[in-house]
Amino acid sequence: MLPTATKKPPSMRALTARLKEINLSFNDILRFFQAFRATNTATEVEVRLGKLDQLWESYSEVLVEIFAHDDYNPESATVDKERTEFSDRYYETKSFLMDKAKDFQKAHALEQSMRTSDASVHGSVDHVRLPQIKLQTFNGDIDERLSFRDLYTSLIHWKVDLPDVEKFHYLEGCLQGEPRNLIDSLPITKANYQVALESLLRRYNNSKHLKKRQVQSLFKLTLSKESGTELHTLVEGFERIVQTLDQIIQPADYKDLLLLNILTAQTFFS
């Protein structure tokens, strides 16, 4: 039996380059924060808030690899100093963006209230009704995590006029199987809504698992026969997986993820 090949750990130079790439992406958000204008939108704020947490997670993962590296010099204060500076900028930027997100929510709630009041005064009735959006269910499938999270937070979690206890009812109604069992023991109360959310995040906000599943799905794409329909299906599947990966990894990480999947998928025989 031939020995199993092991992946060579990245060099300190490669890890430093990854830190630099993360810092460059973070600086884009920092410039948005520093040059914030009244014309900026709630969507711009929400997108950067989501990206900010991804960068923090990536930065922390790279730091762990650096501290555990054979070439790391613990007597050098450079990395520790940079981490402190990055941490300070992260918390300052996130606090600002969260405050702006709350301002947008308050402004939206006020606008809705004024519209309701105006309709009541003038006796006007809006006869145009948009189709009701059905809440997505979630059974623990990691591939459905992002779409469920985005739809639920948009329709329920960010509604400022909806009490937390009612949000808990909606959340429980969306869950099936393992996720439902995870929070079933919690009484439906205002305080337990946040407890339930945190439990679900700890279990399913697993970026490493999600990255692995998406890359595996990429390698499972096949063309069963040469036809226009099959080729169209293949391209659609490829684009969907790449779009998901773009949301959770940095461009510099693609090479490592692809090579790791190829390596772990190989079976060596004597």
Side-chain angles (χ1 to χ4, degrees), residues 18-62 85-112 130 133 135-136 138 142-162 167 170-171 174 194 197-198 200-202 204-211 213-215 218 236 238-254 257:
R18 287 171 62 186
L19 276 187
K20 183 178 180 180
E21 171 64 25
I22 294 171
N23 267 298
L24 289 174
S25 298
F26 176 80
N27 287 337
D28 292 338
I29 301 178
L30 185 63
R31 283 191 292 272
F32 174 81
F33 153 42
Q34 293 172 339
F36 192 85
R37 302 184 303 273
T39 54
N40 287 125
T41 65
T43 301
E44 290 176 316
V45 171
E46 291 173 4
V47 167
R48 285 166 175 80
L49 266 173
K51 186 66 175 177
L52 199 61
D53 285 337
Q54 294 174 19
L55 291 174
W56 175 256
E57 183 177 348
S58 298
Y59 188 84
S60 300
E61 290 175 355
V62 175
E85 292 175 352
F86 187 92
S87 176
D88 290 341
R89 289 182 297 157
Y90 164 77
Y91 287 117
E92 180 184 9
T93 305
K94 184 168 184 179
S95 297
F96 174 83
L97 294 178
M98 289 182 68
D99 287 342
K100 288 301 176 183
K102 290 178 182 178
D103 290 342
F104 279 118
Q105 292 170 21
K106 291 178 181 177
H108 177 71
L110 179 60
E111 180 183 359
Q112 292 296 105
L130 293 174
I133 300 176
L135 287 174
Q136 181 178 339
F138 181 61
I142 200 72
D143 295 329
E144 300 294 329
R145 189 203 69 169
L146 293 177
S147 58
F148 169 73
R149 180 201 66 187
D150 291 348
L151 186 61
Y152 175 80
T153 54
S154 175
L155 295 180
I156 302 298
H157 182 68
W158 290 116
K159 288 183 69 69
V160 295
D161 57 338
L162 189 65
K167 292 178 182 179
Y170 282 109
L171 177 63
C174 292
Q194 291 299 327
L197 281 180
E198 290 172 6
L200 292 168
L201 286 173
R202 282 196 301 270
Y204 297 105
N205 198 25
N206 188 333
S207 64
K208 289 184 178 180
H209 191 190
L210 182 59
K211 294 173 189 176
R213 285 287 298 274
Q214 291 300 322
V215 172
L218 187 64
E236 280 190 337
F238 177 82
E239 290 179 343
R240 183 171 60 254
I241 294 171
V242 171
Q243 287 171 0
T244 301
L245 285 171
D246 283 341
Q247 296 180 55
I248 57 178
I249 67 173
Q250 299 300 311
D253 293 334
Y254 267 100
L257 278 172

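- The CD atom of Gln105 sits 11.0 Å away from the NZ atom of Lys159 when rounded to the nearest 0.5 Å.
- The two atoms that bring Val45 and Phe104 nearest to each other are CG2-CE1, 3.8 Å, heavy atoms only.
- Within the structure, salt bridge (charged side-chain N to carboxylate O under 4.0 Å, His left out) contacts touching residues 90-105 (residues at least two apart or in different chains) are Asp53-Lys94.
- For the ring pair (Phe, Tyr, Trp, His ring centres under 6.0 Å) test, no residue two or more places apart in sequence or in another chain qualifies with Tyr170.
- Atom OH in Tyr59 sits 5.5 Å away from atom CG in Asn23 (nearest 0.5 Å).
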Report the C-alpha distance between Arg48 and Leu52 in whole Å, list the side-chain angles of each, state the deciding distance to 0.1 Å, and finish with yes or no for side chain to side chain contact (heavy atoms under 4.5 Å, CB included). CA-CA 6 Å; Arg48 285 166 175 80; Leu52 199 61; over 6 Å; no

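- When the side-chain hydrogen bond (donor to acceptor under 3.5 Å, both in side chains) test is applied to Tyr152, the partners found at least two apart in sequence or on another chain are Tyr193.
- In this structure a side-chain-to-backbone donor-acceptor pair under 3.5 Å is present from Glu44 to Thr41.
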Check your understanding: Run the side chain to side chain contact (heavy atoms under 4.5 Å, CB included) check on Gln194 and Leu197 step by step: do they pass?
Key -> CA-CA 5 Å; Gln194 291 299 327; Leu197 281 180; 4.2 Å; yes

Practice problem: Test side chain to side chain contact (heavy atoms under 4.5 Å, CB included) on Glu21 and Arg18 and set out the steps. | Solution: CA-CA 5 Å; Glu21 171 64 25; Arg18 287 171 62 186; 5.6 Å; no

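- Put simply, the side chain of Leu135 reaches to within 4.5 Å of the side chain of Ile156, judged on heavy atoms.
- No side-chain heavy atom of Glu61 sits under 4.5 Å from any side-chain heavy atom of Ile22.
- In this structure, CD on Gln34 lies 9.5 Å from CZ on Arg89, to the nearest 0.5 angstrom.
- One finds the CG atom of Leu49 at 11.5 Å from the CD atom of Gln54 (value rounded to the nearest 0.5 Å).
- Leu97 CG to Lys51 NZ: the interatomic distance, rounded to the nearest 0.5 Å, is 14.5 Å.
- Outside the 6.0 Å centre-distance limit, the rings of Tyr90 and Phe26 are not counted as a close aromatic pair.
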Side chain to side chain contact (heavy atoms under 4.5 Å, CB included) between Leu55 and Ile29: does it pass, once the steps are laid out? CA-CA 10 Å; Leu55 291 174; Ile29 301 178; 3.9 Å; yes

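- How far CG of Asp150 is from CG of Leu155: 10.5 Å, rounded to the nearest 0.5 Å.
- Looking at Trp56, Phe96, Phe33 one by one, the single match for ring pair (Phe, Tyr, Trp, His ring centres under 6.0 Å) with Tyr91 turns out to be Trp56.
- Checked against the 6.0 Å centroid threshold, Phe32 and Phe36 count as a close aromatic pair.
- Panel note: side chain Ser154, backbone Leu151; no donor-acceptor pair is recorded below 3.5 Å.
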